[in-house]
Undergrad: 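Can you read through this structure? Questions will come right after.
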Amino acid sequence: MTVRVRFSPAPTGYLHVGGARAALFNWLYARNRGGTFILRIEDTDADRSRPELIEAIRESLQWLGVDWDEEYRQSDRFDRYVEVVEGFVDAGLAYRCDCSQDGVKARVAEGAGYDGHCRDRNVQPGEGVVVRFRTPETGVTGWDDLVRGRVEFDNALIEDFVLIRSSGVPMFHVANAYDDLDMRVTHVVRGEDLVNTTPRVLLLRQAMGADDQPIYAHLPLIVNEQRKKLSKRRDDVSVGDYATRGYLPEAMRNYLLTLGWGPKDDVEIRPIEELIELFDLADINKAPAFFDIKKLDHFNGEYIRMLDLETFIEQSRPFAGDVDPALYALLAPWVQERIKHYDEVPQLIEWVVGPPPEPIEKDWRKVMTKDRVRDVLDLVIERLEPAEWTAESLAAIVLGVGDELEVKSQLPVRMAVTGRRSGLPLFEPMAELDRSEVMRRLKEARGRL
RNA sequence: GCCCCCAUCGUUCAGCGGCCUAGGACGCCUGCCUUUCACGCAGGUAACACGGGUUCAAAUCCCGUUGGGGGUGCCA
């Protein structure tokens with residue numbers, strides 16, 4: 001059996017990390033089994049779908065390196081869904097209903113579903129009429145979930161749900177069941193938030209004449225610090241935003257993979273080819289996983305440091321602002337081992353490429369209130385004035401002053417020149433600045449003491 | 001309310017009846033390297049929610065309790 005899996009986003013928002021992971025797991029499985037990965041846009045709800053988001057979702061997937069073999073759009077297939085449902089009505093598997101939503105709500109107890117009011121009323125097509133599925137009143141619908149084991153629902157508890165809206169547009173259950181059947185999808189891998197809709201889809205599939213089920217694997221949710229499902233409104237979840245902030249797709253992909261799954265040999269950071277090789281749906285966890293940006297940062301830092309220098313420069317330069325390429329090339333190796341994502345580049349190099357940043361008050365107090373700081377700066381100023389302007393010479397002078405006075409001289413000088421007490425190596429970038437600029441900064445700092 | 005589900009260090013993955021005095025990774029702490037920070041290296045901290053069973057033996061199986069989550073739409 002050739003594996004066929006699909007990722008089916010609704011274009012109602014940008015691709016978020018939860019969706020990205022679902023896509024990734026599907027893709028991984030397809031690649032592991034030499035199967036087919038389908039991208040299916042579930043845009044049956046015209047009111048909510050935004051066509052421009054389809055492209056955004058495609059771009060995010062491409063960015064992640066998740067490529068698909070086939071692509072479909074449900075809005076192109078409305079006719080088929082409607083036709084199937086018409087067949088249901090003819091066969092008595094479904095019926096029309098003209099109950100208003102308010103009417104149903106008024107009739108039915110709090111929390112209960114539709115009461116089957118129109119089951120045998122033989123309602124004809126017309127304004128405000130929907131088609132509902134005639135759900136079996138007895139029996140159970142269930143499946144063997146690859147991650148959760150056997151899951152069963154009592155049919156009596158499933159209401160007669162809507163198949164076609166009063167607008168004539170089919171609901172996603174119909175499209176979903178039909179497409180999985182029509183596209184010969186073998187495995188359905190998706191978020192756990194969809195478990196409850198699975199019996200409906202299964203019932204529909206059966207009604208469509210299928211005598212089999214796809215194999216389901218319901219992924220545990222990705223949650224925030226409060227252990228709640230990630231929400232687009234509340235949480236930082238857009239994949240596109242991570243790209244913008246300078247995360248590497250390989251790192252994101254690798255990190256996402258460790259949420260709900262992990263290689264048995266405990267080696268988490270590794271090439272995608274190996275991960276594909278090792279991956280199996282059956283090994284996925286059941287418990288929800290917290291999206292830990294700290295760990296993502298670590299992964300990203302590792303991936304950044306794995307880059308060869310040329311690639312690093314090429315990728316990080318757009319984040320650096322307006323910098324002379326030669327100067328940036330000089331700084332890049334030091335930058336590379338200090339950042340976790342590219343948008344941290346500017347703060348590291350600002351003192352070299354632009355006007356001196358305002359000193360950080362806390363750092364200033366910590367460094368500049370030490371003994372002999374005035375003496376250090378005085379001597380450094382005096383000796384730098386006539387000095388040879390190279391990194392070696394600057395280092396020799398500054399450190400020499402420290403030795404003489406038996407204090408650490410680098411810190412006050414660093415503070416004066418960079419405004420920070422930590423950062424890039426001091427002397428090489430300092431030699432790139434004009435002597436006059438360095439002197440100005442040193443004197444200004446001395447004046448503030 | 002009703003339905004479904006989950007439960008190992010702060011986080012994440014490993015563990016699928018004996019190899020566990022529970023392992024890896026992130027975080028945190030310490031030391032080394034370095035007249036900054038970071039990288040790197042070496043250590044350390046820290047968990048089987050609770051209660052009953054089953055078994056010669058349970059983190060691993062069963063039941064319950066507690067805690068947490070998801071769903072409950074003419075959204076997907």
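Here is the naming used below: chain letters follow the sequence lines, and residue numbers restart at 1 for every chain. Everything numeric in this text was worked out from a predicted model, so none of it was measured.
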Undergrad: Could you work out which one of B/C6, B/G70, B/G73 sits closest to the side chain of A/P288?
TA: B/C6
Undergrad: Quantified in whole Å, what is the P atom distance between nucleotide B/A76 and nucleotide B/C62?
TA: 37 Å
Undergrad: Is it the case that B/A25 (base atoms only) and A/K295 (side chain only) share a donor and an acceptor within less than 3.5 Å, ignoring hydrogens and angles?
TA: yes
Undergrad: Take atom P in B/U72 and the same atom in B/C63, then report the distance between them in whole Å.
TA: 28 Å
Undergrad: So, are A/E159 and A/R200 salt-bridged, with charged N and O less than 4.0 Å apart?
TA: yes
Undergrad: For A/N196 and B/G70, is the shortest distance between a side-chain N/O and OP1 or OP2 below 4.0 Å?
TA: no
Undergrad: I want to check one thing: is the phosphate of B/G68, taken as OP1 and OP2, less than 4.0 Å away from some side-chain N or O of A/K228?
TA: no
Undergrad: Using the P atom as the point on both nucleotides, what is the distance between B/C61 and B/C6, in whole Å?
TA: 12 Å
Undergrad: Among the candidates B/G40, B/C6, B/U35, find the nucleotide nearest to the side-chain atoms of A/D403.
TA: B/U35
Undergrad: Quick check: any donor-acceptor pair below 3.5 Å linking the side-chain of A/Q101 to the base of B/G73?
TA: no
Undergrad: So which nucleotide from B/U12, B/A25, B/C3 ends up closest to the side chain of A/A289?
TA: B/U12
Undergrad: Counting side-chain heavy atoms from C-beta on, which of B/A76, B/G70, B/C13 comes nearest to A/D266?
TA: B/C13
Undergrad: Any side-chain heavy-atom pair from A/F7 and A/L24 closer than 4.5 angstrom?
TA: no
Undergrad: Let's test your reading of the model: under 3.5 Å, does the base of B/U36 pair with the side chain of A/R421 as donor and acceptor?
TA: no
Undergrad: What interatomic distance, in whole Å, is found between P of B/C50 and the corresponding atom of B/A59?
TA: 11 Å
Undergrad: Side chain of A/S422, heavy atoms from C-beta onward: which of B/G73, B/U36, B/A76 has the nearest atom to it?
TA: B/U36
Undergrad: State whether A/R50 places a side-chain N or O below 4.0 Å from either non-bridging phosphate oxygen (OP1 or OP2) of B/A76.
TA: no
Undergrad: Where the side chain of A/Q410 is defined as all heavy atoms beyond and including C-beta, which of B/U36, B/C74, B/A76 is the nearest nucleotide?
TA: B/U36
Undergrad: Has A/R305 got a side-chain N or O lying under 4.0 Å from the OP1 or OP2 atom of B/G40?
TA: yes
Undergrad: Using the P atom as the point on both nucleotides, what is the distance between B/A58 and B/G51, in whole Å?
TA: 15 Å
Undergrad: Going by purine N1 to pyrimidine N3 plus the second Watson-Crick contact, or the G-U wobble pair, all under 3.5 Å, which nucleotide sits opposite B/C75?
TA: none
Undergrad: Do A/R80's NZ or CZ and the ring of A/Y178 fall within the cation-pi criteria of under 6.0 Å and 45°?
TA: no
Undergrad: Look at the side-chain N and O atoms of A/T44 and state whether any lies under 4.0 Å from the OP1 or OP2 oxygen of B/A76.
TA: yes
Undergrad: How far does the C1' atom of B/U60 sit from the matching atom of B/A22, given to the nearest Å?
TA: 11 Å
Undergrad: Check every atom of B/U11, B/U36, B/U12 against the side chain of A/D292 and return the nucleotide holding the closest atom.
TA: B/U11
Undergrad: Does any donor-acceptor pair link the side chain of A/S166 with the base of B/C74 at a separation under 3.5 Å?
TA: yes
Undergrad: Taking the same atom, P, in B/A46 and in B/C32, what whole-Å distance lies between them?
TA: 23 Å
Undergrad: So if I take every side-chain heavy atom of A/K408 and compare against B/U36, B/C5, B/C75, which nucleotide ends up nearest?
TA: B/U36
Undergrad: Can you see whether A/T198 engages A/R190 through a side-chain donor-acceptor pair at a distance of less than 3.5 angstrom?
TA: yes
Undergrad: Can you tell me if A/R165 touches the phosphate of B/C75, counting only side-chain N or O atoms and a distance under 4.0 Å to OP1 or OP2?
TA: yes
Undergrad: Pick out which of A/R40, A/R6, A/R58 makes a side-chain contact (heavy atoms from CB on, under 4.5 Å) with A/W68.
TA: A/R58
Undergrad: Are any non-hydrogen side-chain atoms of A/R270 and A/P263 less than 4.5 angstrom apart?
TA: yes
Undergrad: Using OP1 and OP2 only, check whether a side-chain N or O of A/K264 sits under 4.0 Å from B/G23.
TA: no
Undergrad: Can you give me the closest heavy-atom contact between A/V129 and A/D98, atom names plus distance?
TA: CG2-CB, 3.9 Å
Undergrad: So what does A/V162 touch, heavy atoms closer than 4.0 Å: a base, only the sugar-phosphate, or nothing?
TA: sugar-phosphate
Undergrad: For atom C1', what is the distance between B/U8 and B/A14, given to the nearest Å?
TA: 10 Å
